[in-house]
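Scroll down for the structure; my scribbles are underneath it.
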Amino acid sequence: MEITNILKDKIMLAVEKLENQSVLPKDLKKNSITVEKPKDESFGELSTNVSMVLAKQADIKPRDLASYLIKILKKDQMIESAQIAGPGFINFIIYKQFWIKLIKKILEDGERFGFKNIGKGKTVNIEFVSANPTGPLHVGHTRGAIFGDTLASLLKNVGFSVTREYYINDAGTQIESLCRSVYSRYEEALGRKYNADNNEYPGDYLKKVGENLVDEFGDSLLSSDIKSNLEKIKTYTLSVMMDQIKKDLYDLGIIMDNFVSESSLYKNGKVQEAIDYLSKLNLIYKGVLEKPKGSEKLDWVEREQDLFKSTLFGDDIDRPIKKIDGNWTYFAPDIAYHYDKIKRNYHEIVDIFGADHSGYTVRMKAVVKALSSGKKDLIIKLCQLVKLYKDGIPVKMSKRAGTYVTLRDLLDEVGKDSIRFLFLMRKNDAPLDFDFNKAIEQTKDNPVFYVQYANARIYSILKRARSLGINTEKEFIAKTDLSYLSSENEILIIRKLSEWPNIIFVSASRYEPHRIAFYLYELAQLFHGLQSLGKIDHTMKFLIKDNMQVTLARVALIQSIQIVIISGLKILGVKPVDEML
RNA sequence: GGGCACGUAGCUCAGUUGGAUAGAGCGACGGACUUCUAAUCCGUAGGUCGGGGGUUCGAAUCCUCCCGUGCUCACCA
């Protein structure tokens, strides 16, 4: 157990003691009591708000309560000092030897250090990317892809059973027009005039699809009656598109567990089934929507349509499920899809959306509530847009002109590891500026490099240690006398390492993997600082030839740092490197 | 006009669901290598947490009203 929790237990015991002595009443609410690192180092190593939380409930002055607690806690062998501060905080200094124990534990646990089983086998379905298979993945998709995948691996590592899922929008008018575009390219490949009209997907990437169709089918698809061949073209095109998407994702380090096809939901009647179910619950009705106020839609036609009563679940208007032509809206198959997820009985259902779908979240949450009889909360995480820069100038993207930057472009120019780390250096709901030049820079300005470099430096020191004949096996190192770790800077970094389990816990329970990236950066920073000390003061070097005890203890320290860096990078899907090139 | 986000140092951003004198990086200025990787480090300067009001022992964080930015608004997905 980590020191923070041990200390918290001790504090709780002290509180209990005061309860037994009737200094405190017994029915106090204690859930907002915290033990944490104070913001200011000078206050102490750890701090608790216990007396402020309890004082009011018990009608005692916070500082008085604090002094009672301190009297009890001071007797503890772990606590070097405990002092009242400010309005009633208690600040602690912990004996060095207790901090040092952590290093031994990290060496023993290895990369599992810090990962507790908080999921306990609960199942989570995370749906992400779900890009329309009408073209290659671009930057916009990339962020959601990385976020979803990292969240998945994070949750997996804390004991959840995770399913990574991709919903394929392979139905609807957009696929029809994709196929028309492909048909134009097919004609072109057969030497006919390229028909740019009615071609909504002008990108070059379809040229190849057209050519491949020729290889596959010759000119047999050439017909005045496109419809008869549409199924063949559709099947072929979709499989080519999806293969490309899977390949791009794979190169970004992502493997989906499950793909669900929208058109399959139509085929096996699941859309109708889900809507029927909602009808049975009296949540579908025929009604007329008002034109949105202030909207400039000139083509608004007031009409009666089939609506889902999402207002019953917090939405501001009811949402249509059928288009004017009688077909389902996009919402309907999505209802069916989520109904299916509910029936698959996951403990948690998570959707990762792009910011452009933010207006869609309330109705999705509403329908999940409805379909699960109020039992399930759909968790939706939004990823804000990515703005690309090159030489400080924004890269303009236009889907029509076909000038958008694809994931493939990013992979080729920047590489998987940098993309992933840099995308994760931002909170998911904050907009992200991504500069190509910075991403490939090998300096401190580039956080991924900075963290990798710390790991590489440690690797190089360990290599040198071995060349000096030092045994760096973890089993051996873990048994060395760690009390030689005594400088303030060393203890400082051990305290930082002690935060790792909590970083993982908070990241996982709040679905915020960016915290890990920030933490790794800070840890790397402390390491680089520690290493530089050795340049000014040679007794602070990690390897000291004529002092084997200190050397071994320091080897233990840097190995612990390395373990945490590597395990953190792995969660982020970034490959740790041993040497910078 | 409605909905949802966001607004923190000159710039880019953190801030553990309400804790102490609000933190990093970049940029600026001043320093540090006969190296375990200077691809790095140390120091200094920089703030009315968009603004007003409220809730309480205590607010960047919660409520409310303004101001500003982004996304979005049946019959696309």
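Since the structure is predicted, the reported quantities are computational estimates derived from the model, not experimental observations. Residue numbers begin at 1 in each chain, while the letters A, B, ... track the order of the sequences.
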| field | Ring centroids of A:Phe43 and B:A20 base under 5.5 Å with planes under 30° | value | yes
| query | A:Pro38 near the nucleic acid: base, sugar-phosphate alone, or nothing, with a heavy-atom cut-off under 4.0 Å? | reply | base
| message | If only side-chain N and O atoms count, and only distance matters, is there a donor-acceptor pair under 3.5 Å linking A:Thr472 with A:Arg466? | response | yes
| task | Select one nucleotide: of B:A20, B:G3, B:G19, the one nearest the side-chain heavy atoms of A:Asp316. | result | B:G3
| remark: Among B:U56, B:U40, B:A14, the one nearest any side-chain atom of A:Phe518 is B:A14
| What's the closest nucleotide to the A:Gln305 side chain, out of B:A14, B:A74, B:A20? | B:A74
| If you look at every strand shown and take non-hydrogen atoms under 4.0 Å, does A:Ser358 touch a base, only sugar-phosphate, or nothing? | base
| message | Under a plain distance cut-off of 3.5 Å, with no hydrogens placed, do A:Asp318 and A:Tyr285 share a side-chain donor-acceptor pair? | response | yes
| remark: Answer for the Watson-Crick or wobble partner of B:G58, both distances under 3.5 Å, is none
| query | When the C1' atoms of B:U64 and B:C26 are considered, how many whole Å apart are they? | reply | 37 Å
| task | List in chain and number order the residues that pass ring-ring contact (aromatic ring centres under 6.0 Å, His included) with A:Phe115, two or more places apart in sequence or in another chain; answer none if no residue qualifies. | result | none
| Is a salt bridge present between A:Lys291 and A:Glu302, judged by a nitrogen-to-oxygen distance below 4.0 Å? | no
| Roughly, in whole Å, what's the span from CG in A:Leu530 to C1' in B:U37? | 15 Å
| task | For B:A24, take OP1 and OP2 only and decide whether either is under 4.0 Å from a side-chain N or O of A:Gln525. | result | no
| message | So that I can tick it off, tell me whether A:Glu512 and A:Arg515 are bridged by a salt bridge, with the cut-off set at under 4.0 angstrom between side-chain N and carboxylate O. | response | yes
| task | Using a 4.0 Å heavy-atom cut-off across all strands, classify A:Arg515 as base, sugar-phosphate, or nothing. | result | sugar-phosphate
| said: If you only use heavy atoms from C-beta on, which nucleotide in B:A39, B:A24, B:U12 is closest to the side chain of A:Arg426? | reply: B:U12
| Applying a 3.5 Å limit to both distances, which nucleotide forms a Watson-Crick or G-U wobble pair with B:C41? | B:G31
| request: In whole angstrom, give the distance that lies between atom OH of A:Tyr360 and atom P of B:C76. | output: 13 Å
| message | Is the base of B:A20 stacked against the aromatic ring of A:Phe89, taking ring centres under 5.5 Å apart and planes under 30° as the test? | response | yes
| message | For the P atoms, the ones on B:U17 and on B:G1, what distance do you get once it is rounded to whole angstrom? | response | 37 Å
| Base, sugar-phosphate alone, or nothing: which one does A:Lys463 contact when heavy atoms must sit under 4.0 Å apart? | nothing
| Does A:Lys323 have a side-chain nitrogen or oxygen under 4.0 Å from the phosphate oxygens OP1 or OP2 of B:A77? | yes
| Do NZ/NE/NH1/NH2 and the carboxylate oxygens of A:Lys381 and A:Asp351 come within less than 4.0 Å? | no
| field | No-H, no-angle donor-acceptor pair, A:Thr329 side chain to B:A74 base, under 3.5 Å | value | no
| message | Please confirm whether the shortest side-chain N or O distance from A:His514 to OP1 or OP2 of B:G15 is below 4.0 Å. | response | yes
| task | For the pair A:Lys496 and A:Glu522, find out whether any cationic side-chain nitrogen is under 4.0 Å from an anionic carboxylate oxygen. | result | yes
| field | Pairwise P distance for B:A9 and B:G47, with rounding to whole Å | value | 10 Å
| said: Whether A:Tyr450 contacts B:U37 is assessed here as follows: a side-chain N or O lying under 4.0 Å from the phosphate OP1 or OP2. Is that the case? | reply: no
| Can you tell me if A:Arg464 uses its side chain to pair, donor with acceptor, with the backbone of A:Tyr459 under 3.5 Å? | no
| field | Nearest non-hydrogen partners of A:Pro133 and A:Leu178, listed with the distance | value | O-CD2, 3.6 Å
| Candidates B:A39, B:A77, B:A14 - which lies nearest the side chain of A:Tyr453 | B:A39
| task | Identify, between A:Val362 and A:Leu385, the residue whose nearest nucleotide on RNA chain B lies closer to the 5' end. | result | A:Val362
| message | Just the rounded figure in Å: distance from C1' of B:C6 to CG of A:Leu432. | response | 15 Å
| field | Nearest-nucleotide 5' precedence on RNA chain B, A:Ala430 against A:Met540 | value | A:Ala430
| task | Scan A:Thr34 against the nucleic acid and name what it touches under 4.0 Å (heavy atoms): base, sugar-phosphate only, or nothing. | result | nothing
| task | Go through B:A77, B:G19, B:C6 for me and flag the one nearest to the A:Asp429 side chain. | result | B:C6
| Do the side-chain N or O atoms of A:Lys444 get closer than 4.0 angstrom to the phosphate oxygens (OP1, OP2) of B:C41? | yes
| said: Nearest whole Å is fine: how far is B:G70 P from A:Asp356 CG? | reply: 16 Å
| field | Identity of whatever pairs with B:U12 - Watson-Crick or G-U, under 3.5 angstrom | value | B:A24
| query | Applying a 3.5 Å limit to both distances, which nucleotide forms a Watson-Crick or G-U wobble pair with B:G68? | reply | B:C6
| query | To the nearest angstrom, how far is A:Lys427 atom NZ from B:U17 atom P? | reply | 14 Å
| Can you tell if the side chain of A:Leu543 reaches within under 4.5 Å of the side chain of A:Val555, non-hydrogen atoms only? | yes
| task | Could you work out the separation of B:U56 and B:C42 based on their C1' atoms and round it to a whole Å? | result | 42 Å
| query | In residues 496-513 of chain A, which residues come under 4.0 Å of RNA chain B by heavy atom? | reply | A:Asn502, A:Val506, A:Arg510
| query | Heavy atoms under 4.0 Å, any strand shown: does A:Asp334 hit a base, just sugar-phosphate, or nothing? | reply | nothing
| request: Check whether the side chains of A:Asn169 and A:Gln174 place a donor and an acceptor atom closer than 3.5 Å, and report yes or no. | output: no
| query | Counting any heavy atom closer than 4.0 Å, what does A:Gln442 reach on the DNA or RNA strands: base, sugar-phosphate only, or nothing? | reply | base
| task | State which of B:G19, B:U56, B:U40 makes the closest approach to the side chain of A:Met52. | result | B:G19
| field | Whole-Å distance separating the OH atom of A:Tyr330 from the P atom of B:U72 | value | 15 Å
| task | Could you check whether A:Lys541 gets within reach of a base, just the sugar-phosphate, or nothing at all, counting any heavy atom under 4.0 Å? | result | base
| field | Selection from B:C26, B:G19, B:A74 that lies nearest to any side-chain heavy atom of A:Asp445 | value | B:C26
| message | Looking at A:Lys535, I'd like to know whether one of its side-chain N or O atoms comes within less than 4.0 Å of OP1 or OP2 on B:C33. | response | no
| request: Would you kindly give the NE2-to-C1' distance between A:His528 and B:C33, to the nearest whole Å? | output: 16 Å
| Say you pick atom C1' in B:C49 and the same atom in B:U61; how far apart are they, in whole Å? | 10 Å
| query | Does a donor on one side chain sit under 3.5 Å from an acceptor on the other, for A:Asn489 and A:Ser487? | reply | no
| said: Tell me if B:U40 is syn or anti. Syn = glycosidic torsion within 90° of 0, anti otherwise. | reply: anti
| query | Any idea which of B:A32, B:U37, B:A77 is nearest the A:Met580 side chain? | reply | B:U37
| field | A:Arg464 side-chain proximity, nearest of B:A32, B:C36, B:G19 | value | B:C36
| Who pairs with B:C36 - Watson-Crick or G-U, where each distance is under 3.5 Å | none
| request: Report which part of the nucleic acid A:Ala355 touches: base, sugar-phosphate, or nothing (heavy-atom distance under 4.0 Å, all strands). | output: sugar-phosphate
| said: What's A:Gly529 touching, base or sugar-phosphate or nothing? Going by heavy atoms closer than 4.0 Å. | reply: sugar-phosphate
| When all nucleic acid strands are considered with a 4.0 Å heavy-atom cut-off, which category describes A:Asn49: base, sugar-phosphate, or nothing? | base
